[in-house]
Amino acid sequence: MEIRESIKIGDYVVIQKQKYLKLHQLKARCDVMLGKDLVNLKAIVGQPFWTTFKMIQKKKKEFDLEVASEIESLPEAVMKDVQSGSDNRNITDDGKSQLLSTEEIEGFKESGLSAQSIVGKLIESSTTFHNKTEYSQEKYLKKKEKKYFEYIVIRKPTVRLLAEMFYSKDPHSVLGLRHDSIAQILSYANVQNSGTYVLFESGTQALLGSAILDCLDDQGRVISITTGRYPPKQAVVGMNFPEEKRAKSFLSVTLTDFLTSLEKRVSEESTNGVEEAVKLSNGEDGLVTQAVPSTAAERTGNEKATLNGIAQNVLPASTEDSKAADNGLIQEETSNSKKRKQEPDTINDCGTPALKKPRWQENLEIAKDALLKDGADSLIFASKEFPLPLILKMLDYLKPSHSLVVYSVYREPLVLIYNELKKKRKDVIGLHIFENFLRTHQILSDRTRPDVMMSASGGHILVGTKVLSS
Amino acid sequence: MSFSRDKTEIDEGDTVILYLSASNMHAFRVQPTIKNKHGELVENVFQTTYGALKVASLVGVKFGSKVQMSRGWAFVLQPNPELWTLTLPHRTQIIYTADISLIVFHLELRPGSFVVESGTGSGSLTHALARRVGAHGTVRTFDFHDQRAQIATEEFAQHGLSNVVQVACRDVSCDGFGEDVQGRADAVFLDLPHPWLVVHHAVAAFKLDGGRFASFSPCIEQVQKTVAALRENGFLEVTTMECLQREILVNNRTLAVASVETSDSKEPAGRLDERSQTVASDSSDKLELVCTNYQNTMPGHTGYLTFATLPPVWARNISSSACPSDPDGDDGGSAPVIETAGL
RNA sequence: GCCCGGAUAGCUCAGUCGGUAGAGCAUCAAACUUAGAGCAUCAAAAUCUGAGGGUCCAGGGUUCGAGUCCCUGCUCGGGCG
């Protein structure tokens, strides 16, 4: 059953040095900065994931890697035959315990001495080390180990590792999405192996998109609605999903394109008298009256205006009956689409004839068909923007008895959404807002206790269930 | 087939959730008749606070529909692991959604994964495991209590999960997980009184590629022993955490605004007793607010969750502190990253 | 006959928005108004404002673990037949 998957150029890898994690795409020229050290990754190509490497210093702050067959634990190596004190009554913090100077220690490092021998010298030249208690010595060595540690492990990216990496680097880079919140979003959205999941995500490096995609087999898909044409997708590309899976199961569409496409389809069907699988109850002409920009760049620029546009239309009076969009404007949009078809594909631009549909347009059509035919298995929102207008719109496409999940780093937006849904939607029940308290613990013999630092906020989650209101 | 995503309407035999209010839900099977005490088949009428519901009338109804009862109405929902956790009949204490979510996420389950669980308990977690591994995955769940294993088996069958979940009555502390599991697991979960006795059996159950481990224990002494066993058995990234979910309650409240008017600035009062009226009765000085607060009481502790990674067999003897086996050593403040979940 | 739901203050209640540390009655106190007796107080009624008072029916069982479990009894309410 053992499959040693070896690392190739082009793969994303997670480089782990103790608690430090870094996502990196392996290129032919493969230098990477790990903190302040420049490390050449050439040695990892062809090795299996989970291989441990020793960092070999070439020059100051420059390292090559070498496969390590064993790692000597610093505390174990140094603590042989070392005496310990029973308490700290004879230790005063006068800053003079270490007899070596900073220059001397730096000199050891530059001369390429091993971590073990440097720390050995530090201990030899410490006037207090032998008086420290056993626990205190251990803690001292752990600190030194962190500083002089010279091994890394190459890990295969997983959603868990990516979530931990992004959050620990800077929670703001993922809207404060802590792993427990991601986990709960996946639960409450009832993400299975198959199905159509509508996701509106921004400011999160596509972490949720990646987490959902990782749950899906070839029968499932994420419709990832974004505000821009080129949203950050670090967490999706970093997972090394097979290209086929990404193409088939991760349908990236922009907000404007998607809503325009849905509106158009709905108005066409309603004029033709075609019975819709999922009824759109609130048509907002504000969307179509918006000038549709013809280039990707222009469209991107207009996305925010679009969300505001819906907001103005939806917030004050959402109960107004649907009025099919103005015909002239629909025409304009259609011709606009034709014009777009003739544009070269901005993503897969390889000089193919104009007949081939660009990726974004295929995505759009598949996404729209999926939603109109069967509806969404759940709606998931996690955005920098206030998503209420879009939520109200997309709820019409959510299957009955299925879930709506909204994440927000702040509480207030969810409270507003909660209130609006309570007041205006008879078809959403079981509304709750949750937040999580998460605490980690140090488990060591005789020294077990909660960690001193804990994450103060992991965000807030609103959940609800769509029902048939009639 | 109750939990199947493709289902849109209720068939006979399905388990459904009758939603009366958020705090009043019932799960039951749609059977037109049931046996009474004397073993006679009688019409199945489900009684609630809002009157009676003839269960047979649900057949053919769409999930998410509003149904009429003799003294009110309710919604009938399709069960999912979260709703099931809230409505299932307890045979044991159960694990709830906050912990379940964290467990499933940290076990890194994917479509087709092979996951081992012990004990089965009331099957609350098992449903979430089954959902994540899907139709091509496997959940092998063990409980040493014969009756519990039997009831769980029946429930999984009723929920259409028999092809994914296999229940066995077995004391894994003594007997391990058995040969047919050995070397097949991607993930192992333990919810047992003595999990540390099972760690080496878990190692045997894992694939040679290793995988993820989780254990749920209410007491810290259990955690200490388990963590020690994990380190001895070559597990890395050993972290322990607890997660409590708090609900935020939203209320629309009207508050009286304290008046700073003097008697001179007021309209001349006709009678003395009018002056003694409170500001609250003055309709012009009211503030409508959306207020939030927490539930009055909430669980203060459920259990400690310990997670760990077993590396591939060839990498196990490299005692890789590059990938720390400690839970966050000490003061997270000085650590470059708060490794565990601190995150 | 069967099923469902409730039981905390001296008493009685509490809503399909997840409204059971929320109230009402009663009690006590203060303020003011009116009327009376008395002479620096006593006292009645009406109004209004406050205050005090809460740990969850009884018993048993289950769970490694019950502030989201089960059973029995008592009692109140509801439903179906």
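Order of the sequence lines sets the chain letters (A, B, ...), proteins ahead of strands, with each chain counted from 1. Heavy atoms only: backbone and side chains are in, while hydrogens, waters and symmetry mates are out.
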Is the glycosidic angle of [N] within 90° of 0, making it syn, or outside that range, making it anti?
{"N": "A21(C)", "value": "syn"}
{"N": "G77(C)", "value": "anti"}
{"N": "U34(C)", "value": "anti"}
{"N": "C11(C)", "value": "anti"}
{"N": "A51(C)", "value": "anti"}

Distance between [atom1] atoms of [N] and [M] (Å, rounded):
{"N": "G6(C)", "M": "G52(C)", "atom1": "P", "value": "31 Å"}
{"N": "U72(C)", "M": "A21(C)", "atom1": "P", "value": "28 Å"}
{"N": "G60(C)", "M": "A30(C)", "atom1": "P", "value": "49 Å"}
{"N": "U12(C)", "M": "G81(C)", "atom1": "C1'", "value": "34 Å"}
{"N": "G73(C)", "M": "A29(C)", "atom1": "P", "value": "48 Å"}
{"N": "U16(C)", "M": "G5(C)", "atom1": "C1'", "value": "14 Å"}
{"N": "U20(C)", "M": "G15(C)", "atom1": "P", "value": "8 Å"}
{"N": "C71(C)", "M": "G22(C)", "atom1": "C1'", "value": "32 Å"}

Take the protein atom [atom1] of [X] and the nucleotide atom [atom2] of [N], then report the distance between them rounded to whole Å.
{"X": "His145(B)", "N": "C69(C)", "atom1": "NE2", "atom2": "C1'", "result": "14 Å"}
{"X": "Gln68(B)", "N": "C80(C)", "atom1": "CD", "atom2": "P", "result": "13 Å"}
{"X": "Leu244(B)", "N": "U68(C)", "atom1": "CG", "atom2": "P", "result": "11 Å"}
{"X": "Leu249(B)", "N": "G19(C)", "atom1": "CG", "atom2": "C1'", "result": "10 Å"}
{"X": "Asp143(B)", "N": "U63(C)", "atom1": "CG", "atom2": "P", "result": "11 Å"}
{"X": "Trp84(B)", "N": "U68(C)", "atom1": "CH2", "atom2": "P", "result": "19 Å"}
{"X": "Tyr50(B)", "N": "G78(C)", "atom1": "OH", "atom2": "P", "result": "15 Å"}
{"X": "Asn251(B)", "N": "G22(C)", "atom1": "CG", "atom2": "P", "result": "10 Å"}

Which residue, Asn24(B) or Ile94(B), contacts RNA chain C at a nucleotide closer to its 5' end, judged by nearest heavy atom?
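Looking at the nearest nucleotide for each, Asn24(B) comes out on the 5' side.
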
Taking for each residue the nucleotide of RNA chain C bearing the nearest heavy atom, is the 5' side occupied by Lys54(B) or by Gln222(B)?
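Going by which nucleotide is closer to the 5' end, it is Gln222(B).
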
Does the structure show a Watson-Crick or G-U wobble partner for [N], both distances under 3.5 Å? Name it, or say none.
{"N": "C80(C)", "result": "G1(C)"}
{"N": "A43(C)", "result": "none"}
{"N": "C57(C)", "result": "G73(C)"}
{"N": "A35(C)", "result": "none"}

Looking at [options], which one has an atom nearest to any side-chain atom of [X]?
{"X": "Leu20(B)", "options": "C17(C), C64(C), U16(C)", "value": "U16(C)"}
{"X": "His26(B)", "options": "C17(C), U63(C), G5(C)", "value": "G5(C)"}
{"X": "Thr49(B)", "options": "G78(C), C64(C), C4(C)", "value": "C4(C)"}
{"X": "Ser70(B)", "options": "U63(C), G79(C), C17(C)", "value": "G79(C)"}
{"X": "His90(B)", "options": "U68(C), U63(C), C64(C)", "value": "U68(C)"}
{"X": "Gln47(B)", "options": "C17(C), G5(C), G78(C)", "value": "G78(C)"}
{"X": "Leu86(B)", "options": "C17(C), U68(C), C64(C)", "value": "U68(C)"}
{"X": "Arg71(B)", "options": "C17(C), G78(C), U63(C)", "value": "G78(C)"}

Indicate, with a heavy-atom threshold strictly under 4.0 Å, whether [X] touches base, sugar-phosphate, or nothing.
{"X": "Tyr96(B)", "result": "base"}
{"X": "Gly72(B)", "result": "base"}
{"X": "Ile429(A)", "result": "nothing"}

Does a side-chain N-to-carboxylate-O contact under 4.0 Å join Arg439(A) and Asp451(A)?
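Asp451(A) and Arg439(A): not salt-bridged.
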
Any carboxylate oxygen within less than 4.0 angstrom of a Lys/Arg side-chain nitrogen, looking at Lys66(B) and Asp427(A)?
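No salt bridge links Lys66(B) with Asp427(A).
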
Are the ring of Trp73(B) and the six-membered base ring of U16(C) within the stacking cut-offs of under 5.5 Å and under 30°?
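Given the distance and angle limits, yes, they stack.
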
Do [X] and [Y] have a side chain donor and acceptor closer than 3.5 Å?
{"X": "Thr306(B)", "Y": "Ser215(B)", "result": "no"}
{"X": "Thr292(B)", "Y": "Arg411(A)", "result": "yes"}
{"X": "Glu435(A)", "Y": "Tyr294(B)", "result": "yes"}

Got a donor-acceptor contact below 3.5 angstrom from the [X] side chain to the [Y] backbone?
{"X": "His402(A)", "Y": "Asp377(A)", "value": "yes"}
{"X": "Gln222(B)", "Y": "Pro193(B)", "value": "yes"}
{"X": "Thr92(B)", "Y": "Gly121(B)", "value": "no"}

